[in-house]
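Inspection log for the structure reproduced underneath, given as structure tokens.
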Amino acid sequence: MSADSAETAGPAGFRRSAWWRFPSMWIVASPASEDLFSKIVWLILPLQYYVLSQFPTGLRGEYVAVALVTVVSIASLFAVSLLFALPYYRTSVRGAQTLQDVEERFGSRYALAVRIWAIALIVSWMSVYAVLAVSYAIGGEKGDLFNQLICSFWPMNECYDVGPELRLLTFLGYLAYSLIAVLLVMAIAAMHRKFSGAANDTSPLAEPNPAYVVVTIATLLTLINRSTVTH
Amino acid sequence: MRKAMCFGFFGMFVATAAAYGQSLDDRAICSRLTRGSYQTGLYIVYPSGSPAVYRIKDRAICTDDGSYCGAAINGHNIYMPRSRFFYLPGPKQGGEEGVWHVRTQTKAENLTGADRAYVYRRPIESTRCSKDRPLPFFTEEQSMMPISRYQNHHPAPGDSRPPDPGMSNAFHLQIEERPSSCVKSDDEKVYGNLDKLYNFEGVRAPPSSWAKAVSTAAYAGPVQYAGLSAEFAYQDDDKPLCFGFNAPLPTVSGASPEGDWAPRTTLIVIKRFVRRQVFPDFRQEVVWSR
């Protein structure tokens, strides 16, 4: 049975969110949760400042510069959402009546797809910086945990670089962090659904594949973090 | 003793890691400079074939094979790209290791705006605090680092510093305070104000690109120096104390030591680490002649 096939529940034509998809709809399942997440997302500012100030030539003390980085990051994530939502033009939604209902409630399919992707990417972006912040906080003077782990097994000159470089090792490290962040969000959503007794949220469109979210976040993280370091 | 009639070309040997942080060339030169009753202080040494050798021939001290010739620093010093400084400290007081920090700041006739610093410690195979493990070191590329990296690692009291395993392990080293007890040379609990101890005087790192983009701070003008360097020297044997360090290098992005730069003065500050204490050992502004 395809993971995408859905029991019809809720409005006709809506599908249950597949457990393995990124839970964008869970985040906006109710006005209260949407309001909560829209406030939590502001944590990106102090989290991003903390992480970017941990690089040897990072933006320590440069608060306004970090705010600019945050704005550029969010704008980039939104731009990527616009791009990733393009295929949804062709996505069909079950039932003509339902399409009218969908369009009335959510606007066009494309706008809905952009919204679903933007939620996924922005919440994941905040989560990955939270994970990175914890990693640096625990790592202390020796740097982040991934770097310590790799360098303890394979000591190499790259371990003494001035900060993230545009190389495969950096990308792989950020891939690991992004995976942890995305899995964390999915686990929290799954636990909340289990303990609240709620069935999976329904969605008129398929939610993002977490693998795409992970790779996108890791790529942007590599580019943006690298740009903040003086080489 | 061979006078400074140094014909022939021997080329520079590739420095190899030696037991006490000196290259084979350095050890040969030190051996010559410390022969007999020698004068402590600062010397400049040139490879044979360098035009400077002919200008110092009256006071030159040359290695036995004629590969290198040098002279004590005086009021008229000649800068050559492949020259090297040598410092002969006073004798040790007790049985401590020889650890020195050397900082140079060079002004040039036609170049300012250093945005990098040459930060280097030679490969050392063993020290009293690391008997069986060679110390890591920066590559040549990593050694030419942004000034902010060096400065951020040596904060003023009360300021925090970012984690930097490179600076901690590949530049700084552990120093024996007593048998079986070591302290790290970048430990502010031991050595206090790291900013005053290590950082370049009158130098503020240029802002990052993002900071320049928002331009909220009144940043100081470009750095007035053309070359900045910081090195650690280490010696732990019974030989007379002597170590070499780099002659001035331009540390402005894009500039080359072989290019058209003309050093005018170099401030050299050498501090000696004796267990948990640091003593000023040498401070002089070397003036370069044309």
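Owing to the predicted nature of the structure, the values given are computational and were not obtained by experimental measurement. All chains are named by letter (A, B, ...) in the order of the sequence lines, taking the proteins before the strands, and each is independently numbered beginning at 1.
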Taking atom OH of A:Y50 as the centre, does the number of heavy atoms from other residues, nucleotides or ligands within less than 6.0 Å exceed 12? yes
Filtered by a 4.5 Å non-hydrogen cutoff, the part of residues 166-180 of chain B contacting chain A is B:G166, B:N169, B:A170
Over all heavy atoms of both residues, which pair between A:H231 and B:P146 is shortest? Give the atoms and the distance, please. C-CG, 3.5 Å
Minimum heavy-atom distance between B:N152 and A:P56, given as atom pair plus value: ND2-O, 2.8 Å
So with a 6.0 Å cut-off around CZ of A:F171, is the heavy-atom count from everything else above 12? yes
Tell me, for A:Y136 versus chain B, whether the close heavy atoms (under 4.5 Å) come from the side chain, the backbone, both or neither. side chain
Would you say the side chain of A:Q148 lies within less than 4.5 Å of the side chain of B:P165, judging by non-hydrogen atoms? no
Which value, rounded to the nearest 0.5 Å, describes the distance between B:D164 atom CG and A:Q54 atom CD? 11.5 Å
If you take all heavy atoms of B:S160 and A:R60, which pair is closest and at what distance? OG-NH1, 2.6 Å
Neighbour count above 12 (heavy atom, 6.0 Å) for B:E141 CD: no
Side chain / backbone / both / neither for A:T230 at chain B, heavy atoms under 4.5 Å: both
Heavy-atom distances under 4.5 Å only: say whether A:L59 touches chain B with side chain, backbone, both or neither. side chain
Top contributor to chain A interface from B:H153, B:M144, B:Q142, B:M145 [non-hydrogen pairs under 4.5 Å]: B:Q142
Would a 4.5 Å heavy-atom cut-off, applied to side chains only, mark B:P162 and A:F55 as touching? no
What part of B:Y150 is in contact with chain A, defined as an atom under 4.5 angstrom from a non-hydrogen atom: side chain, backbone, both or neither? neither
Under 4.5 Å to a heavy atom of chain A? For B:R116 that would be side chain
Taking all non-hydrogen atoms of both residues into account, name the closest pair between B:P163 and A:G140 and its distance. CB-O, 3.3 Å
B:K271, NZ: over 12 other non-hydrogen atoms inside 6.0 angstrom: yes
Spell out, as yes or no, whether a donor-acceptor pair under 3.5 Å connects the side chain of B:W210 to the backbone of A:V64. no
A:D161 portion near chain B, given a 4.5 angstrom heavy-atom threshold: both
Okay, A:V72 and chain B: the region with an atom under 4.5 Å from a heavy atom over there is side chain
